Amino acid sequence: MKNIILTGDRPSGKLHIGHYVGSLKRRVELQNSGKFDKIYIMIADAQALTDNFNNPEKVRANITEVALDYMACGIDPAKSTIFVQSHIAELTELTFYYMNLVTLSRLQRNPTVKAEIKQKNFEMSLPMGFLTYPVSQAADITAFGANTVPVGEDQLPMIEQAREIVRSFNGLYGETLIEPKAVLPESKSCLRLPGTDGMAKMSKSLGNCIYLSDSADEIKRKVMGMYTDPNHIKVTDPGDTEHNPTFIYLDAFSTDEHFKKYLPEYANLAELKAHYERGGLGDMKVKRLLNEVMQETLAPIRARREELAKDIPAVWEMLKKGSFEAREVAAEMLSKVKKAMKIDYFNE
Ligand code: ATP
Ligand code: MG
């Protein structure tokens, strides 16, 4: 069996540090590991339209932003095929056939979609396209024969849904589709990075993000304004590090080297946490360290991004090339699907 990756992001905004630790960093490692036969990275514009249908300009503008974020982080179009979802009409066709294999109640039980419906105030008027996006995501994954999908934790229900569709399809029509598995970040703090406001998830749609493209000043302003432990009022109060986003970000980004360089009084994060938990460590000191760590992490990404942004037509050209290549692969899978379903009438 071939080792194939399919993964992607919705162009609903620029990418943030949650994407970086939750999925992007891993993708770059996997890309450079040489263990994969093919890597497809999809800019999911059709999926972004399911809740941004009234704002196509936003989706369009963010296609280039996401592509720039990818390349700035080390995704290399020579090694990975980056493409735009809506260009691949075959994905819509696959979605249509997969819809028969999923019930309404199954879709309504999806915990991520449930949370998003609430967050977007879709309770009273839920667009069908939005409710069914997990089915279209199953089409995206299976169209490329992907067995590996590197994602953040919120995507697990989508991968489970895709696996169910694959089993059901193969059971009914014969072995055709590959059952994918999710690859999650190794560290717990990266599974679902919280927002700067302390909300459970940093999310483009919630406006609680540090973006990969933020300027040094923006990063500093956001870090210094971050939510911490609301019960840690006086410096002497004992503080909580477990639900405190400043510490969760340090978990995700800081190294012992950072401590040597920026806060040598502590050997490592464990010592800093212990002090905070005991009491006697102020939030400002933690935030100043976090600011240094984030500045150091994001500066090279921002610099590469600025270079790449000088030639936007080259970015579109790369996306066009990737999309044509991806379309051929998806078309081949669609033919197999139609053959399995015995609806390839004119090929006989
Ligand atoms: P939207 O609010 O439009 O849904 P998003 O910020 O959730 O945007 P997506 O494009 O939906 O971003 O997600 C892309 C990938 O990034 C997915 O694999 C998702 O699991 C991962 N991801 C998104 N946010 C986080 C986060 N805060 N922590 C870890 N991984 C994340
Ligand atoms: Mg999302």
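In each ligand, atom 1 is the first atom listed, and ligand 1 is the first ligand listed. Bear in mind that the values here come from a model prediction, so they are computed numbers and not experimental data.
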Output, in order, the C-alpha distance, side-chain angles, deciding distance and verdict of side-chain contact (heavy atoms from CB on, under 4.5 Å) for L212 and L298. CA-CA 6 Å; L212 297 175; L298 296 178; 3.8 Å; yes
Verify the ring-centre separation between F259 and Y266: is it less than 6.0 angstrom? no
Report the C-alpha distance between C73 and H19 in whole Å, list the side-chain angles of each, state the deciding distance to 0.1 Å, and finish with yes or no for side-chain contact (heavy atoms from CB on, under 4.5 Å). CA-CA 11 Å; C73 287; H19 296 117; over 6 Å; no
Please state which protein non-hydrogen atom is closest to [atom] and give its distance, to 0.1 Å?
{"atom": "atom 18 (O) of ligand 1", "value": "G152 N, 3.2 Å"}
{"atom": "atom 22 (N) of ligand 1", "value": "H19 CD2, 3.9 Å"}
{"atom": "atom 31 (C) of ligand 1", "value": "G18 O, 3.7 Å"}
{"atom": "atom 15 (C) of ligand 1", "value": "D9 OD1, 3.5 Å"}
{"atom": "atom 26 (C) of ligand 1", "value": "L193 N, 3.6 Å"}

Looking at [X], which atoms of ligand 1 are within less than 4.0 Å of one of its heavy atoms?
{"X": "D154", "result": "19 (C), 20 (O)"}
{"X": "V151", "result": "18 (O)"}
{"X": "S12", "result": "1 (P), 3 (O), 8 (O)"}
{"X": "Q155", "result": "17 (C), 18 (O), 19 (C), 20 (O)"}
{"X": "G22", "result": "29 (C), 30 (N)"}

Would you confirm whether S254, through its side chain, and D251, through its main-chain N or O, come within 3.5 Å as a donor-acceptor pair? no
Side chain of T112, backbone of D154: donor and acceptor closer than 3.5 Å? yes
Any N or O of E153 that comes nearer than 3.5 Å to an N or O of ligand 1? no
Nitrogen or oxygen atoms of K201 and ligand 1 under 3.5 Å apart: yes
Would you please determine whether [X] falls within less than 4.0 Å of ligand 1 on a heavy-atom basis?
{"X": "C190", "result": "yes"}
{"X": "L191", "result": "yes"}
{"X": "G8", "result": "yes"}

Ranking K204, R26, K120, M199 by closest non-hydrogen atom to atom 9 (P) of ligand 1, top hit is K204
Judged on heavy-atom distance to atom 4 (O) of ligand 1, which of R10, R192, H16 sits nearest? R10
Do NZ/NE/NH1/NH2 and the carboxylate oxygens of [X] and [Y] come within less than 4.0 Å?
{"X": "R305", "Y": "E65", "result": "yes"}
{"X": "K260", "Y": "E257", "result": "yes"}
{"X": "K120", "Y": "D51", "result": "yes"}
{"X": "E325", "Y": "K320", "result": "no"}

Plane angle bin for F253 and Y20 - parallel if under 30°, tilted between 30 and 60°, otherwise perpendicular: parallel
Closest non-hydrogen atom pair, Y276 against T241: CD2-CG2, 3.7 Å
